[in-house]
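See structure below.
In the text below, chain A, chain B and the rest are named by the order of the sequence lines, each starting its count at 1. FYI, side chains are in, hydrogens and waters are out, and symmetry mates aren't considered; it's all heavy atoms of this structure.
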There are 2 protein chains.
Amino acid sequence: MTLADATTPSPAVRPVRALLDEGAGPAHERVYKALRRRILHGEMAPGEHVTLRGVAGELGVSMTPAREAVRRLAAEGALAISASGRVSAPILSPARVEELASIRALLEPELAARALPRAHFSLIERLKRMDAEIDQHLKSGDAAAYVRGNLEFHRTLYLRAHAPAMLALAETVWLQTGPSMRALYARIGMGRVADYHRKAIAALAAGDEAGLRLAIRADVRQGLTMLSNEGLDQA
Amino acid sequence: MTLADATTPSPAVRPVRALLDEGAGPAHERVYKALRRRILHGEMAPGEHVTLRGVAGELGVSMTPAREAVRRLAAEGALAISASGRVSAPILSPARVEELASIRALLEPELAARALPRAHFSLIERLKRMDAEIDQHLKSGDAAAYVRGNLEFHRTLYLRAHAPAMLALAETVWLQTGPSMRALYARIGMGRVADYHRKAIAALAAGDEAGLRLAIRADVRQGLTMLSNEGLDQA
DNA sequence: ATGGGCTAATTGTGATCACAAATGGGCGGC
DNA sequence: GCCGCCCATTTGTGATCACAATTAGCCCAT
């Protein structure tokens, strides 16, 4: 079975779910969040096609909210739409990967620097714990969990910057690299990844803005450089 | 009359417009482009409400494509949606203005620097002509034309960078500042604006990357600093 | 005259349907 | 044996309708 059907064939649905419901919100946003998470965590292969009726049926909604969610993700670059309207996860060219890496290298050090003066002890401790978890996933070879943890680490740090527009832009870039990243780690096996997170945390604790910027920049560059090389290899 | 009605009340419309039609493309994209242009050029006041049925009727389409376009613009930050779903042009807080200015100051010098090695003579000449036009609009006091020309100038330069993702991000920021910018120039009367465009063009012709980055950064900061001060004044 | 509550109109949400284009598979011809 | 064409199916697009919630206007009471 898929999920959420049972007795919802008629136009008279029951949106009784008011507050504090987990999968709350309008249907189009539920679909958006579900697809976004799927893309961000690399659960979708580059070039993979999705159909409106497919996602609609899968999430138990009609085509209308499914279309809105897909369009929204396409506007963010997370999905590509062909001339005929077919929707698929984008396949990044090496040039595009370089561009996205440059954007991350511009935005994320700035976000980290803005978070620096606001980083209290508890935040640093939390980041240390997250980094330890990431190392676990790395050792156990769980690529999906590694990618997820990595994004969570960066996001947790950048949230302290109190720069929502800048963070939104960074997340847009993550969204675009999502499918390719998973494919990368699945192929490479993520053998050697330097621990720039640790350097970033140390700089954060020391109040060293320049060091923090460098660590974040290196961390960002590392992942996407690997992706770029891979792209050239298979081409 | 509005436009485009005549004989289109039935579900059997005639999309005969194939290629090389000006207002081509799907209906939802026509609506998107129309609204986007309106926002970008400051033809919409901050806080102004728009309704789905309103834009649908205005552009001669049904609610479905109107909703997609509005949602897409909301996702880009060009429109704000309240908790109840009402759509309006966003009102920027001073902190948000500062943040958007910082993003522009990060992205646009990079775009200019990437365009620099590709900037041939013809492009520089074109930019000179555009800057002259901008000066005209400035003298004649045409705020809308000034804003439009300014964006066109930057966009023409950045197109040479061959960095579509970065340009898209920059345009997203322009979109967010659109409504507030027009309101600003309408109030201020745009008296003193330094000619950083000329400095940028000179640096471009001389191949001086550092100078170009500085000129663009100054040009970007100038406009949004004024907006920020104004926001504080009226608050 | 003003504030509160009630009603009617407005508005977003989502489902369904009809249509056209594109896609993919299968058949026949070279 | 392989390529091209034709048809059935899939798929995106857009219009329409029903519903619920919010909004705004109005009347009445104080």
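Although no hydrogens or angles enter the test, the distance criterion places no donor-acceptor pair under 3.5 Å between the side chain of A/Glu68 and the main chain of B/Arg67. Side chain of B/Glu99 to backbone of A/Met166: a donor-acceptor contact under 3.5 angstrom is found.
Of the inter-residue distances, the one linking A/Leu123 atom CG with A/Leu159 atom CG reads 9.5 Å to the nearest 0.5 angstrom. Atoms CE and CZ, on A/Met130 and A/Arg155 in that order, are 10.0 Å from each other to the nearest 0.5 Å.
For A/Ser62 and B/Thr51, each mapped to the nucleotide of DNA chain C holding its nearest heavy atom, the one lying further toward the 5' end belongs to B/Thr51.
With D/dA15, C/dT13, C/dG14 as the candidates, the nucleotide lying closest to the side chain of B/Met63 is C/dT13.
One can place CZ of B/Arg53 at 10 Å from P of C/dT10, the figure rounded to the nearest angstrom. When the P atom of C/dA20 is taken as reference, atom CG of A/Leu52 falls 19 Å away, rounded to whole Å. Between B/Leu59 atom CG and D/dA15 atom P the separation is 11 Å, expressed in whole Å. The distance from atom CD of A/Glu29 to atom P of C/dG12 is 16 Å, rounded to the nearest whole Å. In this structure, the CD atom of A/Glu68 is 14 Å from the P atom of D/dG14, given to the nearest Å. Atom-to-atom, NE2 of B/His28 to P of D/dA15 comes out at 11 Å; the value is rounded to the nearest Å. The nearest whole Å value for the distance from the OH atom in A/Tyr32 to the P atom in C/dG14 is 16 Å.
Between the side chains of B/His28 and A/Arg71, at least one donor N or O lies within less than 3.5 Å of an accepting N or O. In the model, B/Ser102 has a side-chain atom that pairs as donor or acceptor with a side-chain atom of A/Arg114 under 3.5 Å.
B/Thr64 comes within 4.0 angstrom of a base, heavy atoms only. Residue contacts for B/Val50: at a heavy-atom cut-off of 4.0 Å it reaches the sugar-phosphate backbone alone, with no base atom in range. Looking at heavy-atom distances under 4.0 Å, B/Val70 makes no contact with the nucleic acid at all.
Looking at residues 74-89 of chain B, you'll see B/Gly85 sit with a heavy atom under 4.0 Å from some atom of DNA chain C.
Counting heavy atoms from C-beta outward, B/Val70 and B/Ile81 have side chains that stay 4.5 Å or more apart.
A donor and an acceptor atom never sit less than 3.5 Å apart when one is taken from the side chain of B/Arg67 and the other from the base of C/dG12.
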